[in-house]
Amino acid sequence: MISMAVITSALELGLIYALVALALYLSFRVLNIADMTTDGSFTLGCAVSAVLAVAGHPYLALPAAMAAGACAGIITALLQTRCGVPSILAGIITNTGLYTVNLAVMGFSSNINMMKKATIFSLFPGSKLVLVLIISAVMAVALVLFLSTRLGLSIRATGDNPDMVRASSINTGFTITVGLAVANSFTALSGAVLAQYQKTADINLGTGMVIIGLASLIIGETIFRKGKLWFKVLGAVAGCVIYRFIIAIALRLDLPSECLKLVSAVIVAVAIALPAIRAKKGGKSKC
């Protein structure tokens, strides 16, 4: 049986990781760019958050982490738009460089312990679940409002048809840069919140974050297949919570922790394959 503590933990982690799913929705679905900066940006957010929390500024750590993540996204965008580097390769290059940057931020230590330091969770009067719910809800609403602005519509148009956008005298390089900056700021915020939630930051915390985000995003899209922008954003958040519940169930089945990455890969594969399987079944039934 799954206890209430396990359910609460799954909800809390799901809402924290939902920020990564929102980031990938912006980069992967809206801009149509496979942004591989995600792993490095997540760890960067953890590192900045931990350093500032240890220095006694846990709340300042959140916007600082977002600013650092935005800088990482800008570097990836510049490599892509100014230097002609393919989008996937640009993300890999930035992600590789961020490993050293993250180590430098952490004082060239592989981890930072915050057990005896104040965090946003220890200072918040309510429960952890309420705080992460507030953060995720605010960022989800902010993303919907941002994508509904003139700049946001230009970013959405860039992902749909960049040639048409260029013909309309809109600078696609600028829209891609802004989009990736915002996406990576969301990813870094997720890392910042998780670091203070766990009271520790590790150089390897961001490993596999792309898989987690994609799994959550695709699960959400499978359940919320059609709808307006806010419905798709809600789907990304819900998908992340569902993903964490699947992981919680896997842990309750006493699967080794080393198998969790394989479980994540299987979840992504199944979620991606489901629409195609449904389409094939629909075609056969018509025949």
Side-chain angles (χ1 to χ4, degrees), residues 14-15 17-39 41-42 69-70 72-73 76-77 80-81 86-88 90-91 95 136-137 139-165 170 172-190 208-243 264-265 267-276 278-279:
L15 290 170
Y17 286 123
L19 298 171
V20 179
L22 293 176
L24 287 177
Y25 172 75
L26 177 54
S27 60
F28 189 66
R29 284 295 182 235
V30 175
L31 276 174
N32 198 26
I33 293 175
D35 184 16
M36 303 303 293
T37 319
T38 303
D39 288 10
S41 294
F42 187 88
T76 300
Q80 180 182 342
T81 59
S87 59
I88 293 180
N95 188 39
S136 297
M139 298 311 296
V141 171
L143 180 61
V144 172
L145 294 176
F146 171 71
L147 291 176
S148 300
T149 63
R150 185 170 182 176
L151 176 58
L153 291 172
S154 298
I155 292 173
R156 293 162 67 181
T158 300
D160 289 335
N161 194 334
D163 294 330
M164 181 193 72
V165 172
I170 296 175
T172 55
F174 176 73
T175 55
I176 290 173
T177 301
V178 173
L180 290 181
V182 172
N184 281 280
S185 69
F186 273 59
T187 301
L189 177 60
S190 178
M209 199 51 56
V210 172
I211 294 297
I212 293 175
L214 281 178
S216 305
L217 180 61
I218 294 169
I219 290 171
E221 289 178 344
T222 302
I223 298 173
F224 299 85
R225 281 183 281 178
K226 293 182 180 180
K228 295 183 179 180
L229 175 61
W230 66 267
F231 201 64
K232 294 177 181 177
V233 169
L234 178 62
V237 175
C240 208
V241 173
I242 294 170
Y243 171 84
S264 299
I267 293 172
V268 173
V270 171
I272 292 176
L274 274 178
R278 286 174 178 170

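Sequence positions, counted from 1, serve as the residue numbers for this chain.
In this structure, Ser190 contributes its side chain and Phe186 its backbone to no donor-acceptor pair below 3.5 Å. A side-chain donor-acceptor contact under 3.5 Å links Asp39 to the backbone of Val210. For Ser136 (side chain) and Leu15 (main-chain N/O), a donor-acceptor pair under 3.5 Å exists by modelled atom type. With hydrogens and angles ignored, the 3.5 Å screen pairs a side-chain donor or acceptor of Thr149 with a backbone N or O of Phe146.
Residues Ile170 and Thr175 are in side-chain contact: their nearest non-hydrogen atoms beyond the backbone lie under 4.5 Å apart. Looking only at side-chain heavy atoms (C-beta outward), Val178 and Val182 come within less than 4.5 Å of each other. In this structure, Arg29 and Glu221 have side chains that are in contact, with non-hydrogen atoms separated by less than 4.5 Å. Contact of the Ser27 side chain with the Leu180 side chain is registered, since non-hydrogen atoms from C-beta on lie closer than 4.5 Å. Contact of the Phe174 side chain with the Leu151 side chain is registered, since non-hydrogen atoms from C-beta on lie closer than 4.5 Å. Leu147 is listed as a side-chain neighbour of Tyr25, based on a closest heavy-atom distance under 4.5 Å.
Closest approach of Asn32 to Gly159, counting heavy atoms only: CB-O, 4.0 Å. In terms of heavy-atom proximity, Ser148 sits nearest to Leu229 at OG-CD2, 4.0 Å. Looking at every heavy atom in both residues, Leu22 comes nearest to Ala236 through CD2-CB, 4.1 Å. Closest approach of Asp35 to Thr38, counting heavy atoms only: O-OG1, 3.1 Å. For Thr158 against Val165, the heavy-atom pair with the smallest separation is N-CG2, 3.6 Å.
Note that CD1 of Ile176 is 5.0 Å distant from CD of Gln80, once rounded to the nearest 0.5 Å. Note: Leu31 CG to Thr177 OG1 = 10.0 Å, rounded to the nearest 0.5 Å. Here the straight-line distance linking atom CD1 of Ile33 with atom CG of Leu24 works out to 12.0 Å at 0.5 Å rounding. Interatomic distance, CG of Leu19 versus SG of Cys240, reported as 8.5 Å (0.5 Å rounding). The CG atom of Leu214 lies 10.5 Å from the OH atom of Tyr243; values are rounded to the nearest 0.5 Å.
Annotation for Met36: atom CE does not count as buried by contact number, only 12 or fewer foreign heavy atoms lying within 6.0 Å.
Side chains of Ser41 and Thr187: no donor on one and acceptor on the other come within 3.5 Å.
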